[in-house]
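Written out below as structure tokens is the structure these notes cover.
In what follows, chains carry the letters A, B, and so on, assigned in the order in which the sequence lines appear, proteins first and then strands, with residues in each chain numbered from 1.
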Amino acid sequence: MEIQDRLLTWYRENRRDLPWRKDKDPYKIWVSEIMLQQTRVETVIPYFNRFVEQFPTLQHLAEAEEDEVYKAWEGLGYYSRIRNLHSAVKEVQSSYGGYVPYEPKKMARLKGVGPYTLGAVLSIAYDQKLPAVDGNVMRVLSRLFVLTDDIAKPKTRKKIEQLALQLIPEEAPGDFNQALMELGATICVPSSPRCLLCPLQQACQGLATGQHDELPIKTKNKAPLKQKMVFLLIRDQNKLWVEKRPDTGLLAGFWSLPTIERDKGESAIDAAIRWGELHGILLRNGRQVGELEHIFTHRHWNIEVLEMDYLGIENMYNENISLWTYEKFSNSTLANVYRKALKFI
DNA sequence: AATGCGTGGCT
DNA sequence: TAGCCAAGCAT
């Protein structure tokens, strides 16, 4: 029996019953694929269920307010995904009559739709013969065919896409792509793969040559940069000074507690006063009311939360800082690192 | 091509 | 603990 048949048969008997597999609504499949980028299935499930309940159709999402849409993504991470998805959905609504494009070239032009998402949505929703190569597929095919290229290199993904395309059976591109991913997610897992349960056991060259444990080859990530950060609690009556993060970069565009990185050798209080000087806010003293740690992909924050004595405004209006009630702040869309800090307020 | 972008779970 | 990873994309 061919690899394709074994894999499809296995998939059809063992596929997980996931919420985005209830039907073939291209919109819902698209939403699920964006949510699943670099994010675990178990994490995505509750977000997906709430999201499609709140925005049942592409038109609902296209017409929804940004605040409402971003709030639905709160805590999920990689927030450019939702900005891009909302923008792309509006584009589909205005340019394509609300229908997710069938044409790969049109779909690929939408924000946030890269080679993987393109292939995944169009193969699953429309059964188009396009590769959908994610980390699972690179791992599975690396082991199956003993591919020793570094999967961290973009060139390798392109090479594996060509291979994957050749493997796709005409009659079931969507199921085949999902089967490869499902195998990677449940059997051909990164460490201690469950080869004894694998439907491709006999065909696997990696297993046959004993190389399956060393594959795939992948260059290591750099360790996250350690930073000593200070979050500021600056109260004015019953309100709190908050700061809008820059429109690009980490947690772009989010409102946050005033945040500053401590310079080398600088005390937390001096850093806090320096923040005030930068924004025209007079501060002094300050006492630590909390401490937390937060690790992003590429940064490791050790955070002190300081409550400051507020003396008033020193100079002119700054649109990136504002006075909010605690209520308004906690109800705004907050990245998790700042939501964690709320317990010290 | 290499880097930046969240979060949480597992080893 | 520190590192690695999880259905990637934009720049």
Heavy-atom nearest nucleotide on DNA chain B for A:A152 versus A:L251: which residue maps closer to 5'?
A:A152
Provide, to the nearest angstrom, the distance between the OH atom belonging to A:Y78 and the P atom belonging to C:dA7.
13 Å
For A:K155 and A:T297, find the nucleotide of DNA chain B closest to each by heavy atoms; which residue's nucleotide sits nearer the 5' end?
A:K155
Interface limits on DNA chain B, where chain A has a heavy atom under 4.0 Å of a nucleotide atom
B:dA1 to B:dG8
If we take the P atom in both C:dC9 and B:dG8, what is their distance in whole Å?
22 Å
Could you work out the separation of C:dC5 and B:dG6 based on their C1' atoms and round it to a whole Å?
13 Å
For a quick check of understanding: with a heavy-atom distance under 4.0 Å over all strands, which category does A:V113 fall into, base, sugar-phosphate or nothing?
sugar-phosphate
A:F145 six-ring face occupied by A:R143 cation (under 6.0 Å, within 45°):
no
Taking NZ from A:K111 and P from C:dA10, how many angstroms apart are they, rounded to a whole number?
10 Å
Between A:F254 and A:Y79, is the ring centroid distance below 6.0 Å?
yes
Kindly state which residues belonging to residues 178-189 of chain A come within less than 4.0 angstrom of DNA chain B, counting heavy atoms of the residue only, listed by number.
none
Can you tell me if A:N136 and A:R139 form a side-chain donor-acceptor pair at under 3.5 Å?
yes
Can you check whether A:F329 and A:W255 have ring centres sitting under 6.0 Å from each other?
no
Sugar-phosphate, base or nothing in reach of A:A132, heavy atoms under 4.0 Å
nothing
Verify the contact: side-chain N or O of A:K222 to OP1 or OP2 of C:dG3, cut-off strictly under 4.0 Å; return yes or no.
no
I need the single residue from A:R15, A:R12, A:R16 that forms a salt bridge (Lys or Arg N to Asp or Glu O under 4.0 Å) with A:E182. Which is it?
A:R16
Sugar-phosphate only, base, or nothing, as touched by A:I82 at under 4.0 Å among non-hydrogen atoms
nothing
Heavy atoms of other groups near A:R284 CZ, more than 12 under 6.0 Å:
no
A:Q38 vs C:dG8: side-chain N/O to OP1/OP2 distance below 4.0 Å
yes
Confirm from the modelled atom types if A:R16 and C:dA7 form a donor-acceptor pair under 3.5 Å, side chain to base only.
yes
When the P atoms of B:dC5 and C:dA7 are considered, how many whole Å apart are they?
23 Å
Is any NZ, NE, NH1 or NH2 atom of the basic residue among A:R109 and A:E91 found under 4.0 Å from an Asp or Glu carboxylate oxygen of the other?
no
Just compare C:dC4, C:dA7, C:dC5 and give me whichever is closest to any side-chain atom of A:K218.
C:dC5
Does the side chain of A:S191 get closer than 4.0 angstrom to OP1 or OP2 of C:dC4 through an N or O atom?
no
Do A:E33 and A:Y116 get their side chains close enough for a donor-acceptor pair, meaning under 3.5 Å?
yes
